[in-house]
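Every number for a ligand or one of its atoms is a count from 1 in the order of the listing. Note: hydrogens, waters and symmetry copies are ignored here, and every other heavy atom, side chains too, is used.
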Amino acid sequence: MAPRTTAKIHEVLNRPFDFVIVGGGTAGLCLASRLSEDPNISVLVLEAGSEQFDDPKLRALNVVAELPQANLTLPLVLPAQYGHHFGQPEYDWAIKTTAQDFSNGREYALTRGRVLGGSSAINFLCWTKPPADEVDDWERLGNKGWNWETFQKNLRKLEGYQPPDDPSVTHHLNVSNLKSQLGRDGPIKLCHPATITEPEIKAFEAWLELGIPRAPKPYDGDPNGAFFCAMTVDPSTYTRSYATTASSLAFYFPCAARENLNVLTSASVNRLLTKVTQDGLLAATGVEFVHAEQTYVVNVTMEVVLCAGALKSPQILELSGIGNKTLLEAAGVNAHLNLPTVGENLQEHMYTCLTYELSPDADDLALHILQDPQVYKEHVEKLNGHPRAGAFTLGISGFAFVPLQAISDRGDDIIKAAREKFEKREMYPPGLKEQYELQLNRMERTEDRAAHCEVILYPGFFSFPNPPEDGKKYFTIILATNHPFSRGSIHVTSSDPAAPLSSDPRVFEEEIGDYYREFYDAELFANLLVDLQVFVELVKFGRRVACTSPLQEVLASPLKEVNPGPDVVTDEQIGDYIKSVCDTTYHTVGTLSMLPKEKGGVVDTELKVYGTSNIRVADLSIIPLHIAAHTMTTAYAIGMQAADIIKENIIKVHMHG
Ligand SMILES: Cc1cc2nc3c(=O)[nH]c(=O)nc-3n(C[C@H](O)[C@H](O)[C@H](O)COP(=O)(O)OP(=O)(O)OC[C@H]3O[C@@H](n4cnc5c(N)ncnc54)[C@H](O)[C@@H]3O)c2cc1C
């Protein structure tokens, strides 16, 4: 299908829109496609990034036809899914954090998609879903209607899973189990990597040896255990299936011909223009944005929906004068609505890696070999062959979601200490105590314990600080934590939309952003850093996996751990390794939390910003408590539920009486 181009600036000027959606990313495009189903509603999406429709970088595995013309300079044409857009302004916001005290002073670069499709256009393609109970926790926190039943119903409409038919792989993938749990006809195409390597299969078997069960229902509410996940790849073309998707008929392309839907790219929103209504609420009347270095305003007749992601939606609210009054005034922004928790309750997943040398007779196929341009070209041809082959057919798909107690015999002690710390504390900022209680309960209960920890298989070299050696083959075990106690914040520092944000995830500090600082008892919290201690146990578990059959047999003998390496032995050394090399998994949530206002909420259950009449948020900012899953499915589910809310409650009232 030939892509329809997006709107031109003259097409969107001098006319009002019923809805303006800020951010054409994962949730934003999903929402736009649903809202514009009603031809009576005009929808404008303003996206800061460009389309990049024809860019081989974006359509990772779809590069084949375009490669002869493509620039093979590294790292631009390497597959999109594994970090090759990082730091490139035409794709990545790369928002710098403040120096992190508990990460040896490092500043993280928070990668987020800055392109039509948002982070779904550059992410790592892994389709995972949270446990039912953790989605239900959002409802337990006071958000009626935000539960697993709705989440799952919406996602099943989106899923277009195609199971493989090769009997030699279906057994490993447990396809008969997955088939019944995933939707088959939806627009987001899902399949498994065409190649799963021997070390991945052996590592999976090592997990089973270590007592990790196969996940009973990874896509139906119980992902605890081991499974091979599906990827957002269209099996018919082997291309990325994402929010914009050209080839897989997802959200933008099928709707692009609708006259009531306009998507303007390279349109960076500065702020909302507002007025106070007769009821004393703040109402958005227009949206100010920059396109081709010119500033414009578009008027809105019904609502503005912020879908700019958990790092950028708070900025737009703050620049519009909605946020912590003191902080806004310090930044030189006129405060119109004092909402002190805007930009707070930030929660992030973290990961670190262990890399092992493979035995010399292991297969050469690995993701990192594509960094060599010559090898890259050869593997593009292999991808184009019949059957598809080569490193482009690999993926990141081996997952184990595990409770702390399942990987460490110190698990109970750590959880007990966390409970004691929690009980000793006298003051909590509004809402945090309830969140921590749920988190502790997830860990403490004896049945259906939550997966605090996650282990992921990476076929290749992916770790720091020691580099790979030429001619050697490698396998990496990625370790991630899912339920951080740490709370951070993100805020503007200036009224200039282009000025850097102050982003402080407070990694491993288990505490609280600026607004919460007055509640902070540093001495008490210095005793035990639960988030870090869990991570240390996880690294030890990763090492046990490497020493377990049958994985051990495909690794070099004697065992050679490249990172962190044999010198990193004690808990303190492991903790220090983690602090020096770990990174965020690009899963920030919570910065505009959906909670009762007195519990620190910024939006209500209809996603409306408290104190406003027509400003909503529909992206990962609203998630009040983090989950044991990667966040793409949640972003799509939010887009779907937001559409239902808006359609039911607003369109019905305004348009159809
Ligand atoms: C590198 C990477 C790998 C990941 N891998 C996975 C994975 O394998 N599996 C998984 O489940 N999740 C993964 N994730 C996470 C997941 O993709 C994201 O959490 C999810 O897509 C976020 O959706 P969103 O709608 O909240 O925001 P986004 O999809 O990021 O959309 C926000 C949009 O708003 C736009 N925007 C921002 N500010 C403005 C402004 N001022 N004006 C106009 N537009 C603006 C942005 O350019 C962007 O297009 C990954 C994320 C990244 C970055």
Mind checking whether [X] has an N or O less than 3.5 Å away from an N or O of ligand 1?
X: Thr128; value: no
X: Cys126; value: yes
X: Val269; value: yes
X: Ser119; value: yes
X: Thr631; value: yes
X: Leu125; value: yes
X: Ala27; value: yes
X: Gly309; value: no
X: Thr26; value: yes
X: Thr585; value: no

Does [X] come within less than 4.0 Å of ligand 1, judged by its heavy atoms?
X: Asp92; answer: no
X: Phe289; answer: no
X: Ala267; answer: yes
X: Phe86; answer: yes

Ligand-residue contact atoms, ligand 1 with [X], heavy atoms, under 4.0 Å:
X: Gly23; value: 34 (O), 35 (C), 44 (N)
X: Arg114; value: 47 (O)
X: Leu620; value: 19 (O), 22 (C), 26 (O)
X: Gly113; value: 46 (C), 47 (O), 48 (C), 49 (O)
X: Leu46; value: 43 (C), 44 (N)
X: Lys312; value: 37 (C), 38 (N)
X: Ile316; value: 41 (N)
X: Phe124; value: 1 (C), 3 (C), 4 (C), 5 (N), 6 (C), 7 (C), 8 (O)

Checklist entry - Does the gap between the ring centers of Phe124 and Tyr586 come in under 6.0 Å? => result yes
Checklist entry - Centres of the His452 and Phe535 rings: under 6.0 Å? => result no
Taking the side chain as every heavy atom from C-beta outward, state whether [X] and [Y] have any pair of such atoms under 4.5 Å apart.
X: Phe464; Y: Asp583; value: no
X: His291; Y: Thr265; value: no
X: Glu348; Y: His587; value: yes

Next on the checklist: Tell me the nearest of Ala48, Ser268, Gly49, Cys307 to atom 32 (C) of ligand 1, using heavy-atom distances.
Outcome noted: Cys307
Checklist entry - What is the ring orientation for Phe227 with Tyr219, classed by angle as parallel under 30°, tilted 30 to 60°, or perpendicular over 60°? => result perpendicular
Checklist entry - Should the ring pair Phe399 and His630 be called parallel, tilted or perpendicular, given that the plane angle runs from 0 to 90° and is split at 30 and 60? => result perpendicular
Looking at [atom1] of [X] and [atom2] of [Y], how far apart are the two atoms once the value is rounded to the nearest 0.5 Å?
X: Arg156; Y: Met640; atom1: CZ; atom2: CE; value: 13.0 Å
X: Leu116; Y: Leu264; atom1: CG; atom2: CG; value: 10.5 Å
X: Tyr458; Y: Ile396; atom1: OH; atom2: CD1; value: 5.5 Å

Heavy-atom contacts under 4.0 Å between [X] and ligand 1: side chain, backbone, both, or neither?
X: His587; value: side chain
X: Ser120; value: backbone
X: Val115; value: backbone

Checklist entry - Under 6.0 Å from the NZ atom of Lys96, do we count more than 12 heavy atoms belonging to anything else shown? => result no
Checklist entry - Within the side chain of Lys647, is there an N or O that forms a donor-acceptor pair under 3.5 Å with the backbone of Arg34? => result yes
Checklist entry - Would you say the side-chain atoms of Ser313 pair up with the backbone N or O of Ala308, donor to acceptor, closer than 3.5 Å? => result yes
Checklist entry - Does a donor on one side chain sit under 3.5 Å from an acceptor on the other, for Arg15 and Ser42? => result no
Checklist entry - Are side-chain N/O atoms of Thr232 and Ser241 paired as donor and acceptor at under 3.5 Å? => result no
